[in-house]
Amino acid sequence: MVFTQRALEMDRGECVSLWCEEVEDEQSQTEPQNQLQIRGPAQLRAAWDPIVSGHRVIQRLLHVEERYLPSTLYITLIQRDPERREELAKWALEVCCECGCDEAVFPLSVSLLDRFLSDSLSVPVSPYCLAAGCILIASKLTECENVTADTLCAAAEYSFQPSNLREMERVILATLRWDTAAVTPQDFLPHFLALLQEERRDGDNRESEGNLLSTLRRHSDTLAAMCACDSRFLGAPPSLVAAASLNCALRGLGNRSPTHLAAMGEALAELCQTDLAVLQCYSEMIEYALRQRLRSGLQQGPMEKDEEVETERPGTPTDMREIDF
């Protein structure tokens with residue numbers, strides 16, 4: 001897609017427009033519109049810069065995160081009847097996965113969805129058009145090659161048209177006053193991992209740091225995405241969700257001693273400036289939600305003959321190494 005930005009000079013007294021108009025090129029117009037356009041994962045990404053990490057960045061994120069939390073009234077209303085909101089969030093997750101979106105697109109789109117509904121307290125005529133508009137905005141903010149409007153319309157089986165989606169995009173941006181760069185749990189995870197890596201250097205130097213951090217990041221991203229779909233975590237600070245997800249990922253790997261896990265839990269609680277008991281409570285909530293998800297998945301379809309299910313042991317975290325999300 002080609003983006004053209006019109007910004008006329010104000011000293012001429014002309015109208016100023018910062019709206020990014022979308023123009024479909026000839027190639028996208030000739031592509032079939034009856035299926036999703038799956039994009040490849042190969043995108044140029046900047047390397048991790050340790051300078052823009054550490055306690056200073058975490059403190060800034062902690063200072064800003066409360067600004068993007070939904071209202072207490074909205075949280076109360078949703079938790080009384082969470083089915084529709086969770087349905088939209090799960091649909092957004094499926095679309096982001098099928099389109100190969102960056103891991104930051106889904107949590108940001110859910111944050112935009114909650115903030116819009118928190119401000120308006122009313123669901124539009126086409127709720128899926130609202131969810132698609134949030135995905136479109138989040139994709140534009142976080143990806144070089146954003147999801148197209150036609151792709152989102154195809155994901156919703158053309159229950160709305162691209163013109164309706166772009167109009168919904170305008171409504172969302174106007175409602176949120178263009179303040180769309182919200183703080184999500186995925187913003188905290190790389191900083192928490194970097195600081196935990198420094199804590200771990202004095203203990204175990206033999207283990208492959210790169211593989212372990214990659215596994216922890218992948219599992220933490222998955223658990224944080226699960227929390228975004230679960231209305232029980234609605235209103236929890238993103239830093240707390242990120243710390244609890246990382247704590248569950250550490251426990252789920254099953255290769256750490258209780259003493260080391262306790263030290264990591266204390267470090268995470270200090271990083272997100274919360275009490276250790278609160279962190280442990282949210283960690284247990286995430287593990288309980290994960291077990292519920294696994295049980296519902298096993299009940300929906302028959303098990304294969306060679307597939308074994310480990311019996312649940314009280315007080316033992318779910319082993320995440322064998323889970324396919």
Side-chain angles (χ1 to χ4, degrees), residues 1-7 15-40 43 70 74 78 83-182 225 228-229:
M1 305 187 71
V2 182
F3 293 90
T4 59
Q5 184 176 16
R6 299 178 300 170
C15 178
V16 179
S17 176
L18 298 179
W19 179 254
C20 296
E21 295 182 344
E22 300 179 1
V23 180
E24 300 285 350
D25 52 20
E26 296 180 358
Q27 181 179 0
S28 62
Q29 291 179 355
T30 58
E31 293 178 349
Q33 298 183 357
N34 58 353
Q35 57 183 349
L36 295 179
Q37 300 176 7
I38 308 301
R39 299 171 299 156
Q43 293 186 8
Y74 170 74
I78 290 298
E83 286 79 10
R84 196 57 186 275
R85 186 261 181 191
E86 292 181 357
E87 179 184 350
L88 291 177
K90 291 177 181 178
W91 180 82
L93 178 60
E94 293 176 0
V95 172
C96 291
C97 292
E98 291 178 359
C99 295
C101 296
D102 185 82
E103 64 270 10
V105 174
F106 170 68
L108 181 57
S109 63
V110 174
S111 176
L112 296 174
L113 175 68
D114 287 328
R115 291 174 57 208
F116 176 85
L117 295 176
S118 176
D119 189 83
S120 61
L121 290 179
S122 61
V123 180
V125 177
S126 178
Y128 289 99
C129 185
L130 171 62
C134 294
I135 296 174
L136 183 61
I137 296 173
S139 179
K140 288 181 178 180
L141 285 174
T142 58
E143 296 185 300
C144 298
E145 183 183 356
N146 66 281
V147 182
T148 64
D150 287 333
T151 300
L152 294 171
C153 292
E157 299 180 352
Y158 292 97
S159 60
F160 51 86
Q161 299 301 317
S163 59
N164 305 127
L165 179 58
R166 295 190 179 98
E167 182 61 29
M168 178 61 68
E169 183 184 13
R170 292 181 173 90
V171 173
I172 297 172
L173 292 173
T175 303
L176 301 181
R177 298 174 180 84
W178 289 79
D179 187 7
T180 55
C229 296

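- From R84, atom CZ reaches atom CG of L117 across 10.5 Å, with rounding to the nearest 0.5 Å.
- Residue pairs meeting the salt bridge (charged side-chain N to carboxylate O under 4.0 Å, His left out) criterion with at least one partner in residues 171-181, sequence neighbours excluded, are R67-D179.
- Residues passing the salt bridge (charged side-chain N to carboxylate O under 4.0 Å, His left out) test with E94, sequence neighbours excluded: none.
- Taken from CG in L152 to OG in S139, the straight-line distance is 8.0 Å, to the nearest 0.5 Å.
- For S126, the side-chain contact (heavy atoms from CB on, under 4.5 Å) partners two or more places apart in sequence, or in a different chain, are C129, F160.
- Sorted pairs that involve residues 117-139 and meet salt bridge (charged side-chain N to carboxylate O under 4.0 Å, His left out), not counting sequence neighbours, are lacking altogether.
- Across V105 and C96, no two heavy atoms sit closer than the pair CG1-SG, 4.0 Å.
- Minimum interatomic distance between C134 and L112 (heavy atoms only, all atoms of both residues): O-CD1, 3.7 Å.
- Contact record, L165 with G133: CD1-N, 3.4 Å, taken as the closest heavy-atom pair.
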| task | Verify side-chain contact (heavy atoms from CB on, under 4.5 Å) between R85 and V110, making sure each step is shown before the conclusion. | result | CA-CA 10 Å; R85 186 261 181 191; V110 174; 3.4 Å; yes

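- One N or O on the side chain of E143 and one on the backbone of D102 form a donor-acceptor pair closer than 3.5 Å.
- Applying the ring-ring contact (aromatic ring centres under 6.0 Å, His included) definition to pairs two or more places apart or across chains, those involving residues 84-131 are W91-Y128.
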| message | Evaluate R170 against L173 for side-chain contact (heavy atoms from CB on, under 4.5 Å), listing each step before the verdict. | response | CA-CA 5 Å; R170 292 181 173 90; L173 292 173; 5.9 Å; no

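- For the side-chain contact (heavy atoms from CB on, under 4.5 Å) test, residues two or more places apart in sequence or in another chain that qualify with P162 are A149, D150, C153, R166.
- Checking side-chain atoms of S111 against main-chain N and O of P107 turns up no donor-acceptor pair under 3.5 Å.
- Atom CE of M168 sits about 5.5 Å away from atom CG of L130, to the nearest 0.5 Å.
- Note that CG of D114 is 7.5 Å distant from CD1 of I78, once rounded to the nearest 0.5 Å.
- To the nearest 0.5 Å, atom CZ of residue R115 and atom CG of residue L176 are 4.5 Å apart.
- Remark: the backbone N or O of V171 is paired with a side-chain donor or acceptor of T175 at under 3.5 angstrom.
- Shown here for E86 and C229, the closest heavy-atom pair between the two residues is CG-O, 3.1 Å.
- In this structure, Q161 has no side-chain hydrogen bond (donor to acceptor under 3.5 Å, both in side chains) partners at least two apart in sequence or on a different chain.
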| Stepwise side-chain contact (heavy atoms from CB on, under 4.5 Å) test for I137 and S109 | CA-CA 7 Å; I137 296 173; S109 63; over 6 Å; no

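- Take S118 and apply the side-chain hydrogen bond (donor to acceptor under 3.5 Å, both in side chains) test, not counting sequence neighbours, and it matches S71.
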